[in-house]
Engineer: 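What follows is a structure written as structure tokens; I'll ask about it next.
The figures here come from the full heavy-atom set of this structure, side chains too, leaving out hydrogens, waters and symmetry mates. Sequence positions, counted from 1, serve as the residue numbers for this chain.
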Amino acid sequence: MKKADRIYYGGDYNPDQWDDATIDEDMRYFKEAGINLLTLPVFSWAKLEPDEGVYDFGWLDRIIDKIWENGIYVCLATPTTAQPAWLSTRYPEVLPVDIQGRKRTHGMRVFFCVNSLKYRERAAAVAEEMAKRYAHHPALAMWHVSNEYGTYCYCPTCQAKFRLWLRRRYGTIEELNKRWHTSFWGRILTSFEEVTLPTELNDDYRFNPAIQLDYMRFVTDSTIECFQNEYDVLKKYNPEIPIQTNMSGFIKKLDQFAMTKHLDIVGWDNYPWPTDPAYFIAMKHDIMRGLKGGQSYVLTEQSPNQQNWQPYNKLKRPGEVRLLSYQAMAHGADTCLFFQMRQSIAGQEKFHGAVITHAGHNNTRVFRETAALGAELEKIGQAFLEGRVKARVGMILDWNNWWALELSSGPSQDMDYLKTFSKYYKPFYEKNIPVDVLSTESSLEGYSVIVAPMLYMMKDGIAEKLQKFVEQGGTLLTTVMSGLADENDRCIFGEYPGPLKDILGIWVEETDALRPEEQNIIKIKDGGESGMTFGRESYSCGFLCDIIHLRGARGLASYGEDFYAGSPCVTRNEYGKGRSYYVGTQPEDDFLLELTGLIAEEAGIEPLYPAAAGVELTARENERGCVVFAINNNEESAWVDFGDERLENLMTGEAVTGRTMLAPRDVIVAKINKDN
């Protein structure tokens, strides 16, 4: 596969909106800013195919040639995210039906049914015309298929295909009835033709979690087929060019582990809210790196300034885009791409940030910051490309688990899987302990600690995999709402937490749901009894409270209030050569910071380097060596101590060693000297 020899820097460009003089001016500005890759023509299907089977590529030929004459590479996008009006009008079956049962009209983007055969036919056709023309163009660095998949459709085509999908998955209607437990509420089916999609017409999307869960799986599989439809065409003409599509920053809709098996490289759009803390953004990057087993990924979009679609679109503060860009690269991105290069003159995103604003020149704060970052990235070169992060802590994230947990009716309406996952990610992030995000299918070999928050769904083999991991000396940390249901959201009969209860040495009798304003207390047992020393005698907790009985485990802490005061809420169990921890409530952050710190210390896991609070550290290794990123997220100066190691600052060429100060919101990217 074609490999990058530089950090690709640039992003979405829509030159079909501009005249030749503007495009020529843009080329000068792009070179001034260090831009070396442009993504196009994402939304240009109607211009490329003005009528069915009638193509006009002359304008795109001229632009791509001009881009290449200026030494800039191209990420070529199939324009299939926005079908032409003639396609929607002539073949209305390509348009989606929404959850209310309404047939949508032409408009928006990603406004098509992924199961429409006519849509797939025309999408493959335009992709093939592009591949014939550009697959061996010297400017072509990668392909980008469509844009931000995620449309759910409830049309007759989807209904028919869903029934076929269920028949393939379950074989017989008897098996389907068993898996969906249709005897509840008298929902027994006598044929697959009686299956209806879960919509607002029947409320099954809210009140029948088994069918909604399978529908969401079906949408993922259908989207994969739709992507593969274009992928196969592009690969046929040049298998060396890598192919990706960009995942929306709102990542719940599609099972990304399933989706990205079919991509050569993961791509995603990072649009944090101004209130998102640094650890939450870092976690999403680590999720993207984890989707293909630690492989680096493409940051396909971020804004060089404010977004336009949030309620309050704050400007990026001076240095903020640089900070966010290096954070992405620190966690596994090999690119730094923006939406958009020149600000659109009209339309929904006319006020979305751009490298070249409506002012139309280079005398802006955003352009100066973009150019300064481009110069730094050119100095860094390919030092960390395809570099991997070495982690001994793995965190299990599962989309089916996410969906099922939040579809469940009870025990609390405030169930938020990603928020809970982030609470357990945060303390490792704050200690600068690297974390790999794993699927339930991932190998656990090489990890010392596995964290599985709210592992509600027990997929086949996961309990056995965790049992073997602990038996062989690993440490497992899991939580309330784990081990409760199977892949069809049927409760596991017997004591909770089901197949995990022996590893954990406990059983859970009941789970109390606290209102948002209610709290309980975690009371730490004395150090001698618990075997672990915490900094305080008590901590607050809330949300959910398991009533736990010990079956071999040791109680580390107990509840301080309510009728279950005194019963254990945090436990530890020795199992085989390893141990397991269970947190039966949602503790305050300080408790998790201490608990995970003690667990890491037990496992011999240390931070990358000592550093002040708010300094984020990562390291990426490839065949060229190890590159360290130090990012100061603080508004004041902060330190990192590299000890006796000698590193080379790749931006300045200066040596870095010992206790080193970082200016407010500053970054160091440094290569470890092999002579250390």
Side-chain angles (χ1 to χ4, degrees), residues 11 147-150 220 244-260 263 265-303 307 309-310 316 320-339 388-389 391 393-399 401-403 405-406 416-430 432-439 442 451-454 589 614 616-618 620 629 631 633 667:
N147 184 75
E148 292 186 340
Y149 283 111
T220 293
Q244 51 95 6
T245 186
N246 53 329
M247 306 296 170
S248 167
F250 181 68
I251 57 176
K252 182 183 176 183
K253 284 185 174 182
L254 301 173
D255 181 344
Q256 307 291 359
F257 275 117
M259 185 83 189
T260 54
L263 278 64
I265 186 168
V266 170
W268 94 289
D269 300 343
N270 182 36
Y271 289 112
W273 291 69
T275 53
D276 282 349
Y279 76 86
F280 194 80
I281 306 167
M283 177 193 71
K284 283 194 171 183
H285 287 305
D286 281 351
I287 290 171
M288 294 301 129
R289 190 184 74 245
L291 291 177
K292 288 187 80 68
Q295 179 180 306
S296 56
Y297 58 90
V298 175
L299 178 66
T300 44
E301 291 182 25
Q302 63 174 342
S303 177
Q307 281 89 244
W309 42 265
Q310 293 173 345
K316 294 282 198 303
E320 187 176 352
V321 171
R322 177 175 181 259
L323 207 71
L324 288 168
S325 299
Y326 279 116
Q327 184 185 45
M329 291 180 279
H331 287 268
D334 278 352
T335 68
C336 181
L337 305 179
F338 299 113
F339 181 89
R388 288 183 171 253
V389 174
V393 176
M395 291 188 68
I396 294 176
L397 178 74
D398 182 68
W399 264 261
N401 184 77
W402 187 351
W403 299 335
L405 185 69
E406 294 184 11
D416 189 327
Y417 179 57
L418 197 64
K419 178 182 176 182
T420 300
F421 189 91
S422 74
K423 283 182 69 71
Y424 283 81
Y425 174 92
K426 180 184 179 184
F428 293 106
Y429 167 88
E430 290 185 344
N432 287 311
I433 292 174
V435 170
D436 279 346
V437 176
L438 310 174
S439 76
S442 299
V451 185
M454 285 189 170
D589 288 349
E616 181 176 345
L617 301 172
T618 65
R620 292 181 62 183
F629 294 78
I631 301 171
N633 292 302
V667 177

Engineer: Looking only at non-hydrogen atoms, find the nearest pair between Ser303 and Tyr271 and report the distance.
Structural biologist: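 Scanning both residues completely, I find the closest heavy atoms to be N-CE2, 3.5 Å.
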Engineer: I want to check something: taking the side chain as every heavy atom from C-beta on, are Pro272 and Gln302 in contact at a cut-off of under 4.5 Å?
Structural biologist: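 Pro272 vs Gln302: side chains apart.
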Engineer: When rounded to the nearest 0.5 angstrom, what is the spacing between CG in Leu337 and CG in Asn270?
Structural biologist: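 That separation rounds to 12.0 Å.
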Engineer: With a 4.5 Å cut-off on side-chain heavy atoms, are Lys423 and Asp589 touching?
Structural biologist: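 Of all side-chain heavy-atom pairs linking Lys423 with Asp589, at least one is under 4.5 Å.
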Engineer: Identify the heavy atoms of Ser422 and Phe280 that sit nearest to each other, and give their distance.
Structural biologist: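 Reported closest heavy-atom pair: CB-CD1, 3.8 Å.
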Engineer: Among Phe428, Tyr429, Tyr424, which residue satisfies the side chain to side chain contact (heavy atoms under 4.5 Å, CB included) criterion with Val435?
Structural biologist: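 The residue from Phe428, Tyr429, Tyr424 that satisfies side chain to side chain contact (heavy atoms under 4.5 Å, CB included) with Val435 turns out to be Phe428.
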Engineer: Give the table of side-chain donor-acceptor pairs shorter than 3.5 Å for residues 292-300, with sequence neighbours excluded, one pair per line with atom names and distance.
Structural biologist:
from, atom 1, to, atom 2, distance (Å)
Lys292, NZ, Thr260, O, 2.9
Lys292, NZ, Leu263, O, 2.9
Gln295, NE2, Asp264, O, 3.0
Ser296, OG, Asp334, OD2, 2.8
Tyr297, OH, His285, ND1, 2.9
Tyr297, OH, Ala328, O, 3.1
Thr300, OG1, Trp268, N, 3.3
Thr300, OG1, Trp268, O, 2.8
Thr300, OG1, Asp269, OD1, 2.5

Engineer: Would you mind reporting whether His331 and Glu616 have side-chain heavy atoms less than 4.5 Å apart?
Structural biologist: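 The answer is yes; the side chains approach within 4.5 Å.
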Engineer: Which atom pair, heavy atoms only, marks the closest approach of Pro434 to Val389?
Structural biologist: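 For Pro434 versus Val389, the nearest heavy atoms are CB-CG1, 3.9 Å.
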Engineer: Show the nearest heavy-atom pair for residues Thr420 and Pro453, with the distance to one decimal.
Structural biologist: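 Looking at all heavy atoms of both residues, the closest pair is CG2-CB, 4.2 Å.
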Engineer: Check for a donor-acceptor pair, side chain of Trp402 on one end and backbone N or O of Leu397 on the other, with a separation under 3.5 Å.
Structural biologist: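 Between the backbone of Leu397 and the side chain of Trp402 there is no qualifying donor-acceptor contact (under 3.5 Å).
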Engineer: Rounded at 0.5 Å granularity, tell me how far CD1 in Ile287 sits from CZ in Phe257.
Structural biologist: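 Rounded to the nearest 0.5 Å, the CD1-CZ separation comes to 8.0 Å.
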Engineer: Any chance you could measure Met454, atom CE, to Asp398, atom CG, to the nearest 0.5 Å?
Structural biologist: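 Reported to 0.5 Å precision, the distance equals 14.5 Å.
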Engineer: Using only atom types and a distance under 3.5 Å, with no angle test, would you say the side chain of Asn246 pairs donor to acceptor with the backbone of Gly267?
Structural biologist: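 Here the side-chain-to-backbone pair does not exist.
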Engineer: Output, in order, the C-alpha distance, side-chain angles, deciding distance and verdict of side-chain contact (heavy atoms from CB on, under 4.5 Å) for Val667 and Arg322.
Structural biologist: CA-CA 8 Å; Val667 177; Arg322 177 175 181 259; 4.1 Å; yes
Engineer: Determine whether Leu324 and Lys316 make a side-chain contact, defined as any pair of heavy atoms from C-beta on separated by less than 4.5 Å.
Structural biologist: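 Yes, at least one pair of side-chain atoms sits under 4.5 Å.
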Engineer: The criterion is side chain to side chain contact (heavy atoms under 4.5 Å, CB included); which residues satisfy it with Ala330, sequence neighbours excluded?
Structural biologist: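 For Ala330, the residues satisfying side chain to side chain contact (heavy atoms under 4.5 Å, CB included) (neighbours in sequence not counted) are Thr618, Phe629, Ile631.
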Engineer: Under a 4.5 Å cut-off applied to non-hydrogen side-chain atoms, are Ile251 and Trp399 in contact?
Structural biologist: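 With C-beta onward as the side chain, the pair touches.
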Engineer: Does Trp403 reach the main-chain N or O of Lys252 with its side chain, forming a donor-acceptor pair under 3.5 Å?
Structural biologist: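 At least one qualifying donor-acceptor pair exists.
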Engineer: Mind running side-chain contact (heavy atoms from CB on, under 4.5 Å) on Met283 and Leu418 for me, showing each step along the way?
Structural biologist: CA-CA 10 Å; Met283 177 193 71; Leu418 197 64; 4.0 Å; yes
Engineer: Side chain of Gln327, backbone of Ala278: donor and acceptor closer than 3.5 Å?
Structural biologist: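 Side chain of Gln327 to backbone of Ala278, a donor-acceptor pair under 3.5 Å: yes, one is there.
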Engineer: Checking Thr220 side chain against Asp255 main chain: does a donor-acceptor pair fall under 3.5 Å?
Structural biologist: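 It does hold such a pair.
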Engineer: Using 0.5 Å steps for rounding, measure from the NZ atom of Lys284 to the CE atom of Met247.
Structural biologist: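 The distance works out to 13.5 Å.
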Engineer: Mind checking what makes side chain to side chain donor-acceptor pair (under 3.5 Å) contact with Arg289, not counting sequence neighbours?
Structural biologist: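 By the side chain to side chain donor-acceptor pair (under 3.5 Å) rule, Arg289 matches Asp286, Asp436.
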Engineer: In Å and rounded to the nearest 0.5 Å, what is the OH to CD distance from Tyr279 to Glu430?
Structural biologist: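 If we round to the nearest 0.5 Å, Tyr279:OH and Glu430:CD are 8.0 Å apart.
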Engineer: Quick one: OG1 on Thr245 to OH on Tyr149, what's the gap to the nearest 0.5 Å?
Structural biologist: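 Between Thr245 OG1 and Tyr149 OH, I get 5.5 Å after rounding to 0.5 Å.
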Engineer: Ignoring hydrogens and angles, tell me if any N or O in the side chain of Glu406 forms a donor-acceptor pair with the backbone of Tyr417 under 3.5 Å.
Structural biologist: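 Looks like yes, one N/O pair under 3.5 Å.
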